[in-house]
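Shown next, in structure tokens, is the structure this report addresses.
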Amino acid sequence: MLEAREIKKVYTVERGIFSGSSFKVYALEGVSIKVEKERITGLVGPSGCGKSTLARILTGVEKPTEGMVLLDEKNILNYSPIERASKVSIVFQDPYSSLNPKLSIEYQIKEVLTLRKKIKKNFRFKIEKPEELLDFVKVSSRVLSSKPYQLSGGELQRVIIARAIALEPDYLLLDEPTSSLDVSIQSQIIYLLQELKNLTGMGMLFISHDINLVDCISDKVVLMKDGRIVEDEDYFKKLLNSTISLT
Ligand SMILES: Nc1ncnc2c1ncn2[C@@H]1O[C@H](COP(=O)(O)OP(=O)(O)O)[C@@H](O)[C@H]1O
Ligand SMILES: [Mg+2]
């Protein structure tokens, strides 16, 4: 299990280089959440409520101000970066900024496959060639010679998901993975994620500001507001039944 316990995160923002003054942003004010294997946990809340901050802290890349993240019952900060990366992976909203625009898809897939060869882990799947990894996300190997901008948004997000699962992580965090895509493409990606979950048994955290989308993909939904988890089920139901957008 990947578990955040009572996470607080305070950012200190400098007003300007010369003014010398600063202010604090209380991004997370005591958030606890569990991401379990073989389940999709949905995290939903308005823009600025702290979803991305929580996701970064759950990867162990960013440290919380207070609280801790437990990965299989051990503090995530006590794993080596490579061990952590082989267990928890993250996909961001904008597929174009997640890849190097100058390098071919093949190059960027081979990078993770080289890493895969170097790490000690009992892998379940045979993934040696780029095409074998692309098979998981149902993308044709024809894209290998292309540069990122030559692919559609949907294809590119699939390539990024492929890179994210190359080390066969136990947990996959998806931070608004479909927000920049057309609705029809969005549902294809959702379908792919569900298939991947069933195939690999990965635990997923699906983050979005779209409550109906989260409700449709997730086994469990967690609602966030102003840096806190909202436990009020009625509030959630009201949101679900209304057409009010959280954005
Ligand atoms: N690196 C940072 N420095 C200062 N403030 C930040 C930083 N990252 C996030 N914040 C602030 O923390 C709050 C939560 O942001 P974020 O986690 O991105 O929310 P969400 O993903 O839900 O839109 C916002 O007020 C945002 O401006
Ligand atoms: Mg965000």
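Values reported hereafter were calculated over all heavy atoms of this structure, with side chains retained and with hydrogens, waters and symmetry mates removed. The structure presented is a predicted model; accordingly, all values stated were derived computationally and were not measured. Ligands are counted one by one from 1 in listed order, and the atoms in each one are counted from 1 as well.
Salt bridge present: Glu132 and Lys126 bring a charged side-chain N and a carboxylate O closer than 4.0 Å. Electrostatic pairing of Asp219 and Lys197 counts as a salt bridge here, judged by a charged N lying under 4.0 Å from a carboxylate O. Salt-bridge annotation for Glu128 and Arg116: absent, with no side-chain N of the basic residue lying under 4.0 Å from a carboxylate O of the acidic one. In summary, Glu155 and Arg158 do not engage in a salt bridge, as defined by a charged side-chain N under 4.0 Å from a carboxylate O.
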For this session: Go through the steps for Lys8 and Tyr26 under the test side chain to side chain contact (heavy atoms under 4.5 Å, CB included), then give the verdict.
Result: CA-CA 8 Å; Lys8 292 189 183 173; Tyr26 294 87; over 6 Å; no

Exercise. Hey, mind stepping through Lys24 and Val13 against side chain to side chain contact (heavy atoms under 4.5 Å, CB included) and telling me if it holds?
Worked result: CA-CA 6 Å; Lys24 288 188 175 355; Val13 182; over 6 Å; no

Exercise. Cys49 and Lys225: side chain to side chain contact (heavy atoms under 4.5 Å, CB included), yes or no, with the steps?
Worked result: CA-CA 5 Å; Cys49 74; Lys225 203 180 160 204; 5.5 Å; no

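A heavy-atom cutoff of 4.0 Å around ligand 1 is satisfied by the protein residues Tyr11, Val13, Val25, Ala27, Pro46, Ser47, Gly48, Cys49, Gly50, Lys51, Ser52, Thr53, Arg56.
Within the protein, the N, O or S atoms sitting under 2.8 Å from the Mg ion (ligand 2) are Ser52 OG.
Residue pairs satisfying the salt bridge (charged side-chain N to carboxylate O under 4.0 Å, His left out) criterion with at least one member in residues 67-83, sequence neighbours excluded, are listed as follows: Asp72-Lys87.
Applying the salt bridge (Lys or Arg N to Asp or Glu O under 4.0 Å) rule to Lys138 yields the partners Glu195; only residues at least two apart in sequence or on another chain are considered.
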